[in-house]
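Okay, so here's the structure we're looking at.
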Amino acid sequence: MVAEADKNCSGYSDSVGTDTELKLGDYIIMKILVINCGSSSLKYQLIDMNDESVVAKGLCERIGIEGSVLTHQPTGKDKYVIEQPMPDHKVAIGLVLDALQDPEHGVVKSTDEISAVGHRVLHAGTKYCESIVVDEDVKKVVRECFDLGPLHNPANLMGIEACEAVMPGKKNVAVWDTGFGMSMPEKAYLYAIPYEYFEKYEIRRYGFHGTSHMFVSGEAIKFGGLDPQNAKVIVCHLGNGASISASIGGKCVDTSMGLTPLEGLIMGTRSGDIDPAVCQFICNKEGIDINEMLNILNKKSGVLGISGVSSDFRDIEAARAAGNERAQAALDAFIYRVVKYIGAYTAAMNGVDAIAFTAGVGENDIKTRKAICEYLGYLGVKIDDEANNIRGERRVISSADSKVKVMLIPTNEELAIARETLRLTK
Ligand code: AMP
């Protein structure tokens with residue numbers, strides 16, 4: 001049984017490393033606007049694809065709520081803050097375009113300089129795995145997947161429709177957060193529940209943070225000088241949301257998040273893997289329903305739940321340093337879960353060539369990276385403490401005699417979306 005999207009899923013995108021594929025002289029206009037819509041927010045970046053530099057970026061907050069504010073940061077110029085009502089995403093996009101074209105704070109003369117718009121879209125169900133130029137069918141799929149991504153998909157669609165309204169004729173590209181995970185084989189994506197739920201409702205494991213895993217695994221292959229076809233790479237995306245992926249030749253074979261981002265690693269506020277019977281037990285004892293239970297698992301669990309201190313790793317580490325035992329327990333449990341997944345994925349791939357750390361904790365938390373790697377002596381992993389003493393910079397952090405290359409690769413989802421958008425619209 002192969003789901004529709006899997007048949008065409010090539011996994012490792014051609015777009016990885018477009019810098020070498022572009023014949024720059026052929027393209028004069030190559031600024032791509034990248035949009036990431038949340039239910040009441042809109043993040044954007046304008047990227048010049050000639051050199052992949054960020055021309056401007058910004059954030060609209062409190063869309064549809066009183067006190068809307070746009071913070072616009074043109075590169076090399078002062079930050080520009082506009083407080084103006086934004087009743088919906090269309091108005092927000094209009095203000096973003098005004099800011100981009102502003103005589104003083106702007107970076108383009110007109111929207112003609114924007115060649116296309118790339119959108120982060122959460123969920124495509126089993127319909128799409130590859131990024132795609134938006135048409136009516138794509139919008140229909142985004143709509144059909146509202147119940148799979150109830151917070152994000154409606155906002156993502158609003159963002160697309162807002163861009164269509166304010167920039168008619170401009171191409172919009174959807175880059176799916178679930179896309180990377182769609183190349184997982186059936187044995188990795190099936191839940192062991194009655195098969196009819198998969199058939200009726202497409203209940204399966206999808207995986208999230210797909211753009212980040214695609215980007216980082218691709219960059220790890222290039223940066224580590226690994227075999228692009230066969231390299232076995234584990235990417236640890238450790239941020240407030242955390243997930244881990246296993247890929248061979250850039251094609252995902254397993255990833256830790258499931259039908260929703262709740263499965264897998266212990267996160268800032270999410271529990272990750274849990275015995276489902278725990279839910280029934282707590283519901284009965286506390287007199288709460290399943291919706292409230294899910295809210296607890298999503299928002300009040302994870303390292304916040306164990307430590308009782310914070311969901312932020314810096315706060316938890318400060319508490320640990322001050323002798324807080326629950327903070328220590330939270331960090332130990334977080335690290336242990338990552339280590340278990342690395343072991344499982346190494347077994348699933350029959351080996352691993354490289355492990356890449358990324359996202360807030362993965363890029364910045366020197367001690368946590370070291371603590372994870374200390375468990376991996378059985379794989380021949382050896383960390384170079386001096387190389388590991390770094391934050392937010394691409395680097396090999398294992399020693400020359402390590403059997404597995406360990407790397408720090410800062411993620412860049414916006415650039416990954418821009419590369420996909422360019423590839424599909426150039
Ligand atoms: P993200 O969701 O990728 O933005 O990651 C956010 C997480 O990264 C938060 O829990 C932060 O505490 C954590 N983080 C950022 N910088 C550091 C740092 N220097 N040391 C430890 N954790 C950090």
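We use all heavy atoms of the structure for the numbers below, so side chains are in, but hydrogens, waters and symmetry mates are not. Index from 1, following the sequence. Source: prediction; values computed, not measured. In listed order, ligands and their atoms are each counted from 1.
A search for salt bridge (Lys or Arg N to Asp or Glu O under 4.0 Å) contacts involving E374 returns K370, not counting sequence neighbours. Not a single salt bridge (Lys or Arg N to Asp or Glu O under 4.0 Å) links K77 to another residue, sequence neighbours left out.
Remark: D78 CG is loosely packed, at most 12 non-hydrogen atoms of other residues, nucleotides or ligands lying under 6.0 Å away.
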Identify all side-chain donor-acceptor contacts of residues 329-338 below 3.5 Å with residues at least two apart in sequence or on another chain.
unit_1 : atom_1 : unit_2 : atom_2 : d
D332   : OD1    : Q328   : NE2    : 3.0
R337   : NH1    : G264   : O      : 2.9

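For the 3.5 Å distance criterion, the side chains of T358 and H237 fail to qualify, holding no donor opposite an acceptor.
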Measure and list all N/O to N/O distances between ligand 1 and the protein that fall under 3.5 angstrom.
unit_1   : atom_1 : unit_2 : atom_2 : d
ligand 1 : 2 (O)  : N240   : N      : 2.9
ligand 1 : 3 (O)  : G360   : N      : 2.9
ligand 1 : 8 (O)  : V361   : N      : 3.3
ligand 1 : 10 (O) : F313   : N      : 3.0
ligand 1 : 12 (O) : D312   : OD1    : 2.5
ligand 1 : 12 (O) : D312   : OD2    : 3.4
ligand 1 : 12 (O) : F313   : N      : 3.1
ligand 1 : 12 (O) : R314   : N      : 3.3
ligand 1 : 12 (O) : R314   : NE     : 3.3
ligand 1 : 19 (N) : R391   : NE     : 3.4

Working note: W176 + V142, criterion side chain to side chain contact (heavy atoms under 4.5 Å, CB included); need CA distance, chi angles, decisive distance, verdict. CA-CA 10 Å; W176 315 100; V142 178; 3.8 Å; yes

